[in-house]
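Side-chain atoms are counted along with the backbone in the values below, which use heavy atoms only and exclude waters and symmetry mates. Whatever order the structure lists ligands and atoms in, that order sets their numbers, starting from 1.
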Amino acid sequence: MGKLLIVGTVAFDAIETPFGKTDKILGGAATFIGLAASQFYVESAIVSVVGDDFPQDYLDLLVAKNIDISGLEIVKGGKTFFWSGKYHNDLNTRDTLATELNVLADFNPVVPDNFRDSDVVMLGNLHPNIQMSVINQMEKRPALIILDTMNFWMDNTLPELMEVIKHIDVITINDEEARQLTGEYSLVMAAAKIHEMGPKYVVIKKGEHGALLFHEGNIFFAPALPLREVFDPTGAGDTFAGGFAGYLAATNTITYENMKNAVIHGSNLASFSVEKFGTERMENLERSEVNKRLHQFKTLTQFDIEIS
Ligand code: AMP
């Protein structure tokens, strides 16, 4: 069992979907990643920042999931990062209504001493300079560094982002962002270009159409589980990344073959996350439910065809 270090936003989200609307609720990339990774009982810590407007209940929830929050700074008099988004009817696309960095704007991350030797580092979505600073604080090169990002950082901090990308092993990115980053429409071409930027492994997330893993000319595909109802896709990408990173940290085996399983675990957990608003579904998710759905994934994808 390896150690997992997570960096990313811990946030307030206000979400609007065709099914309803929320006020400020718990969100943030690191939050979703941590909740997903906690399914694997891995030793994990979050490095992030919030203001003192952040409720104690939310902190308690993270601690109850065995996530170390000694690297989660609470800024006195500060306001927590806030994001607001509105989904279109297809639920695959959304408009960002607000991104207020607040305390994130001048955050200097400090990795807790006992996590400087983490095996897996999951750099969740936030400013690339913060992601880079976390890499620089590690006492030895982690076995695996995974990075997730989004168009906001490509639009505003591209040179810094390109610098971090040089230092990582795996990038998880959605299809539109892969196209934006590379200028290539074909995802195969986009993955090839991203390999040239640094990462040996490229995971392209395609929302309800699953995810692709690229490595040394090989491609593996994991579907998303077809669901009766998708309620709120917020955090699906982060939940995927948390499942992926959590599984790899728990199994401590960094190979292409094991990464295929990690992609399936990520997709499986993401299928739960979208069933309720925000983090609600992930807060009480049981191991038995997770395993049941893994069986569904198997039957969805297994076939026995004879090729002469
Ligand atoms: P996802 O739906 O996986 O893209 O993740 C949505 C989560 O990312 C929300 O909980 C937001 O709080 C968080 N988020 C939105 N915009 C950003 C941003 N620019 N940087 C970091 N986190 C963000």
N or O pair under 3.5 Å between Thr234 and ligand 1: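 No; the residue has no nitrogen or oxygen that sits under 3.5 Å from a nitrogen or oxygen of the ligand.
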
Within-cut-off N or O pair, Gly27 and ligand 1, under 3.5 Å: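 The answer is no, given that Gly27 and ligand 1 share no N or O pair closer than 3.5 Å.
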
Leu26: which of Leu62, Thr80, Leu61 passes side chain to side chain contact (heavy atoms under 4.5 Å, CB included):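 It is Leu61; the other options fail the test.
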
Test side chain to side chain contact (heavy atoms under 4.5 Å, CB included) applied to Val274 and Leu225, Leu91, Val230, the passing residue: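 Going through the options one by one, the only one that passes is Val230.
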
To which protein heavy atom is [atom] closest, and what is the distance rounded to 0.1 Å?
atom: atom 11 (C) of ligand 1; answer: Asp13 OD1, 3.4 Å
atom: atom 17 (C) of ligand 1; answer: Met150 SD, 3.4 Å
atom: atom 4 (O) of ligand 1; answer: Arg94 NH2, 2.9 Å
atom: atom 22 (N) of ligand 1; answer: Thr9 OG1, 2.9 Å
atom: atom 8 (O) of ligand 1; answer: Asp238 OD2, 3.8 Å
atom: atom 2 (O) of ligand 1; answer: Gly235 N, 2.7 Å
atom: atom 14 (N) of ligand 1; answer: Phe81 CE2, 4.0 Å

Val42 vs Met1 side-chain heavy atoms within contact, under 4.5 Å: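 Yes, their side chains come closer than 4.5 Å.
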
Region of Asn125 that comes within reach of ligand 1 [heavy atoms, distance under 4.0 Å]: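 The answer is both.
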
Under the side-chain hydrogen bond (donor to acceptor under 3.5 Å, both in side chains) test, residues paired with Glu196 that sit two or more places apart: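 Not a single residue meets the side-chain hydrogen bond (donor to acceptor under 3.5 Å, both in side chains) criterion with Glu196.
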
Audit row: Phe277, Phe19, ring-ring contact (aromatic ring centres under 6.0 Å, His included) steps and yes/no: CA-CA 10 Å; Phe277 265 133; Phe19 312 112; 8.7 Å; no

Any Phe32 heavy atom less than 4.0 Å to ligand 1: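 Heavy atoms of Phe32 do come under 4.0 Å of ligand 1.
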
Selection residues 158-173 - residue pairs positive for side-chain hydrogen bond (donor to acceptor under 3.5 Å, both in side chains), sequence neighbours left out: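 Qualifying pairs, neighbours excluded: Arg141-Asp169, Asp148-Thr172, Glu163-Lys166, Asp169-Lys200.
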
Derivation of the ring-ring contact (aromatic ring centres under 6.0 Å, His included) call for His215 and Phe220: CA-CA 9 Å; His215 175 63; Phe220 175 72; over 10 Å; no

